> 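Got a structure for you, questions after.
Keep in mind the model is a prediction, meaning the values are calculated, not measured.
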Amino acid sequence: MEKDLEILKTAYEENPLPEPTAKNRGRQKRSQVLNLICRLENYKASVCLFIRNLCVPFDNNQAERDLRMIKVKTKVSGCFRSEEGAQEYLTIMSYIGTAHKHGINAFTAIREALNGNSDVIFA
């Protein structure tokens with residue numbers, strides 16, 4: 001805790017807040033580095049959660065990978081014909097993604113779902 005405060009203090013010393021000017025009203029523009037320092041200070045508990053809880057991944061790459069397929073599908077076909085079609089596609093992809101995360105082949109998961117045993121991926 002003390003080390004965290006020391007690091008933030010050093011960061012603010014090396015990247016001070018901008019001096020207010022009389023001619024410009026409103027919030028002063030800050031550098032990208034200073035914005036990052038402020039965000040790290042404000043969201044320290046969330047940023048460092050992976051240190052205290054080993055179940056939390058270090059990054060959010062899996063979430064980005066899960067979203068990538070919908071973006072690729074949209075780029076290839078131009079768009080979905082209806083919101084219902086997009087929702088059905090996402091439901092199927094979510095099911096397949098969950099099966100993959102549980103170590104079950106996508107083909108096996110779909111076959112079991114069509115046979116009425118969709119809970120096989122949660123076993």
> If you measure from CG on N117 to OG1 on T108, what distance do you get to the nearest 0.5 Å?
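Result: 11.5 Å between the selected atoms.
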> Out of the candidates N105, I110, I104, only one should pair with F107 under the side chain to side chain contact (heavy atoms under 4.5 Å, CB included) rule; please name it.
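It is N105, the one option of N105, I110, I104 that forms the side chain to side chain contact (heavy atoms under 4.5 Å, CB included) with F107.
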> Taking CD in E84 as the centre, count heavy atoms belonging to other residues, nucleotides or ligands within less than 6.0 Å. Is the count above 12?
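Result for CD/E84: open.
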> Less than 4.5 Å apart, side chain to side chain, heavy atoms only: is that true for H102 and T98?
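Side-chain contact under 4.5 Å: yes.
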> Is there a path of hydrophobic side-chain contacts, each under 4.5 Å between heavy atoms, that joins V72 and Y89?
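Shared cluster, no.
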> Hey, what do you get for CD (Q87) to CG (L90), rounding to the nearest 0.5 Å?
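The CD atom of Q87 sits 5.5 Å away from the CG atom of L90.
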> Rounded to the nearest 0.5 Å, what separation is found between the CD1 atom of I37 and the CG atom of N42?
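Going from CD1 on I37 over to CG on N42, the span is 12.0 Å.
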> Would you kindly confirm whether I51 and L54 end up in one hydrophobic cluster when ILVMFWY residues are joined by side chain heavy atoms under 4.5 Å apart?
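I51 does not cluster with L54.
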> With a 4.5 Å cut-off on side-chain heavy-atom distances among I, L, V, M, F, W and Y, is there a chain of contacts connecting V33 to Y12?
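Yes, because V33 and Y12 connect within a single hydrophobic cluster, where side-chain heavy atoms sit under 4.5 Å apart.
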> From L34 CG over to Q32 CD, what is the distance, rounded to the nearest 0.5 angstrom?
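Rounded to the nearest 0.5 Å, the CG-CD separation comes to 11.0 Å.
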> Hey, could you give me the OH/CD1 distance between Y95 and I121, rounded to the nearest 0.5 Å?
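So the gap between those two atoms works out to 4.5 Å.
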> With a cut-off of 6.0 Å (strictly less than), are more than 12 heavy atoms of other residues, nucleotides or ligands near CZ of R52?
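Yes, CZ of R52 has more than 12 neighbouring heavy atoms, counting only those of other groups under 6.0 Å.
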> How close do R30 and C38 get, counting heavy atoms only, and between which atoms?
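So the two residues come closest at NH1-SG, 3.2 Å.
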> Looking at side-chain heavy atoms only, is the closest gap between T10 and E14 below 4.5 Å?
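Sidechains of E14 and T10: in contact.
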